[in-house]
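Inspection log for the structure reproduced underneath, given as structure tokens.
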Protein chains: 2
Amino acid sequence: MEPSEIFKKHISKFTTLSDADFEEVFGFFTVHEVAKKETLVEEGQLCRYHYFVLEGMLRQFFINEKGTEQTTDFALETWWLTDNIAYEHQLASSFSIQAVERSRILRISRENQEQLLQQFPQMERYFRFVYQRAYAAAQMRVKYLFSRSKEDFYRDLVRKYPEFVQRVPQYLIASFLGFTPEYLSEIRRKDLS
Amino acid sequence: MEPSEIFKKHISKFTTLSDADFEEVFGFFTVHEVAKKETLVEEGQLCRYHYFVLEGMLRQFFINEKGTEQTTDFALETWWLTDNIAYEHQLASSFSIQAVERSRILRISRENQEQLLQQFPQMERYFRFVYQRAYAAAQMRVKYLFSRSKEDFYRDLVRKYPEFVQRVPQYLIASFLGFTPEYLSEIRRKDLS
DNA sequence: CGGTCTCTTGACGGAGTTCAAAGCTAGTGG
DNA sequence: CCACTAGCTTTGAACTCCGTCAAGAGACCG
């Protein structure tokens, strides 16, 4: 499917735009191919763009005090991703963003997004939904982080998103769930017997 | 300060409304006094409203598997709070919401909020900012939860928000940081010597 | 096939929990 | 306005989950 088609389909879930308007709106974005493990944002650098995943998968992570990568988020098809604070105020980013797989994405700069919203106020509604949904997901994530043991994190993930667990290497699963690959290994061993 | 004044001041940070429009917008909300420990939303029940804190403090929590309250969020003056998923889709709530202190709040129902947004599209911009900010805060929260020990959680909180730590009982601090009151006590003892 | 990622195994240690009991404090009613 | 009590906070001992370190076994890519 064409990038514009994917994006149009997503927008039309939340707001209405004429075909002519959509063409113009789409002009604010650029399409990019990114290779597996390619970095889009580097922790500590400016975060200039907001990313929309057309195909593939991005992840957000930071380097913790022990010097290991802690993954905080994955973005799959039709999800937006950026370091919101760094993007909004054009500050140094607290996270890196990297492609997990070969991906196709849309990208928009801070200035373009602001201009887009000025010119097409209907897009305020679209982004209101996008942020509301993302916030709701983050709220549930926090609840989840507090409600279960690390062992349960893994078991639940396997039960709810088996294809995702297949799609992603184990060390990233461990990094996302906040524990060591060694411990993940131990859980998996238990599951076999 | 008058409720309408507090709210108007907040709205005007993000969008512009004429005085006449503001009057009408304000009509979609109702003002309420809530007593200390009064419950606004009960886990498992419908979450009918979105709350805006004028004065005082609300908290959001759930009952974890061990049967103890886990606080996930506090909302102070000018912050919005609700269970976003339950509110948006009018489903059973995953959280309870309770007043920590005697508070004054604004309240809007799901239907009214939708109608408000239809009638005053400028308010889409306002809520877009509200959710964007809340999402950004939640994103940093997740990073934070992964990057420090529980001992550091407490130390950082005291350093960054000493008035807040004074304002709230210790068992709520422990519940918010995700550890036991006993362990909090142990940390405090260390700090004295 | 050779080397570099990735995953597994096991021994040990420490941060944080649990349980039980005692000391404190603040709000309530008399 | 004082006294009583329920609810908060502190202590200490035993225990557990999970991280660390080190080393070996697979697996995948050029």
Side-chain angles (χ1 to χ4, degrees), chain A residues 35-39 57 59 61-71 74 98-102 144-158 164-193, chain B residues 34-39 56-57 59 61 63-71 74 98-103 144-158 164-193:
Chain A
K36 185 172 175 172
K37 300 214 175 176
E38 190 177 330
T39 298
M57 193 190 308
R59 75 179 177 112
F61 65 95
F62 66 95
I63 307 295
N64 65 20
E65 292 151 327
K66 295 161 203 150
T68 64
E69 293 182 359
Q70 172 66 51
T71 301
F74 290 101
Q98 204 179 66
V100 175
E101 312 168 342
R102 184 167 214 281
Y144 193 75
L145 286 174
F146 278 123
S147 63
R148 313 198 154 264
S149 70
K150 303 207 164 180
E151 193 169 333
D152 288 343
F153 287 169
Y154 177 68
R155 297 239 162 84
D156 289 356
L157 194 72
V158 171
F164 177 79
V165 174
Q166 295 299 34
R167 195 170 160 185
V168 168
Q170 277 185 47
Y171 71 96
L172 281 187
I173 301 280
S175 159
F176 177 62
L177 298 178
F179 53 70
T180 58
E182 290 92 328
Y183 188 55
L184 178 51
S185 216
E186 194 179 323
I187 299 169
R188 286 164 55 83
R189 181 170 22 148
K190 274 200 258 175
D191 285 349
L192 293 179
S193 50
Chain B
V34 286
K36 186 171 175 171
K37 300 211 174 179
E38 189 177 330
T39 297
M57 193 190 308
R59 75 178 177 112
F61 65 93
I63 307 295
N64 65 22
E65 291 152 327
K66 295 159 203 152
T68 66
E69 293 182 359
Q70 171 67 50
T71 301
F74 290 102
Q98 203 179 66
V100 175
E101 313 168 341
R102 184 164 213 282
S103 306
Y144 192 73
L145 287 174
F146 277 124
S147 62
R148 312 200 153 265
S149 69
K150 302 203 166 180
E151 191 169 334
D152 288 343
F153 288 169
Y154 177 69
R155 296 238 160 83
D156 289 355
L157 194 72
V158 170
F164 176 79
V165 174
Q166 295 298 35
R167 196 169 159 186
V168 168
Q170 278 184 48
Y171 70 98
L172 280 187
I173 301 279
S175 158
F176 177 61
L177 297 178
F179 52 69
T180 58
E182 289 93 330
Y183 187 56
L184 177 50
S185 216
E186 194 180 322
I187 299 170
R188 285 164 56 82
R189 180 167 24 147
K190 274 200 258 177
D191 286 349
L192 294 179
S193 48

Discussion item. Just N and O in the side chain of B/R189: are any of them under 4.0 Å from OP1 or OP2 of D/dT10?
Written reply: no

Taken to the nearest whole Å, CG/B/D191 to C1'/D/dT9 is 15 Å

### Message
If the cut-off is 4.0 Å, is B/T180 near the phosphate of C/dT17, judged by side-chain N/O to OP1 or OP2?
### Response
yes

Nearest heavy-atom contact between B/Y154 and B/I173 is CD1-CG2, 4.1 Å

When rounded to whole Å, the CG to P distance for the pair A/L184 and D/dC17 reads 17 Å

Please check the phosphate of D/dC18 (OP1 and OP2 only) for any side-chain N or O of A/Y183 closer than 4.0 Å.
yes

note: A/I187, atom CD1; C/dT9, atom C1'; distance rounded to Å ~ 15 Å

Just so I know, are the side chains of B/E65 and A/R148 near enough to count as touching, which here means a heavy-atom distance under 4.5 Å? yes

For B/R188 and D/dT9, is the shortest distance between a side-chain N/O and OP1 or OP2 below 4.0 Å?
no

note: A/F179, atom CZ; C/dC7, atom P; distance rounded to Å ~ 12 Å

* Between A/K66 and D/dT20, does any side-chain N or O lie under 4.0 Å from OP1 or OP2? -> yes

Rounded to whole Å, OH of B/Y154 lies from C1' of C/dG16 at a distance of 16 Å

Taken to the nearest whole Å, NZ/A/K150 to P/C/dG16 is 10 Å

**Message:** With a 4.5 Å cut-off on side-chain heavy atoms, are A/F146 and B/N64 touching?
**Reply:** no

**Side-chain heavy-atom pair B/S175, B/F61 within 4.5 angstrom cut-off** = no

Rounded to whole Å, CD of A/Q70 lies from P of D/dG19 at a distance of 10 Å

With the side chain defined as heavy atoms from C-beta on, A/S185 is closest, among C/dT18, C/dT9, C/dT6, to C/dT9

Rounded to whole Å, CG of B/N64 lies from C1' of C/dT17 at a distance of 12 Å

#### Entry: Stepwise ring-ring contact (aromatic ring centres under 6.0 Å, His included) check, A/F74 with A/F164
CA-CA 10 Å; A/F74 290 101; A/F164 177 79; 5.0 Å; yes

A/E182 has its side chain closest, among D/dC8, C/dA20, D/dC21, to D/dC21

Heavy-atom nearest nucleotide on DNA chain C taken for B/K36 and for B/E186; more 5' hit belongs to B/E186

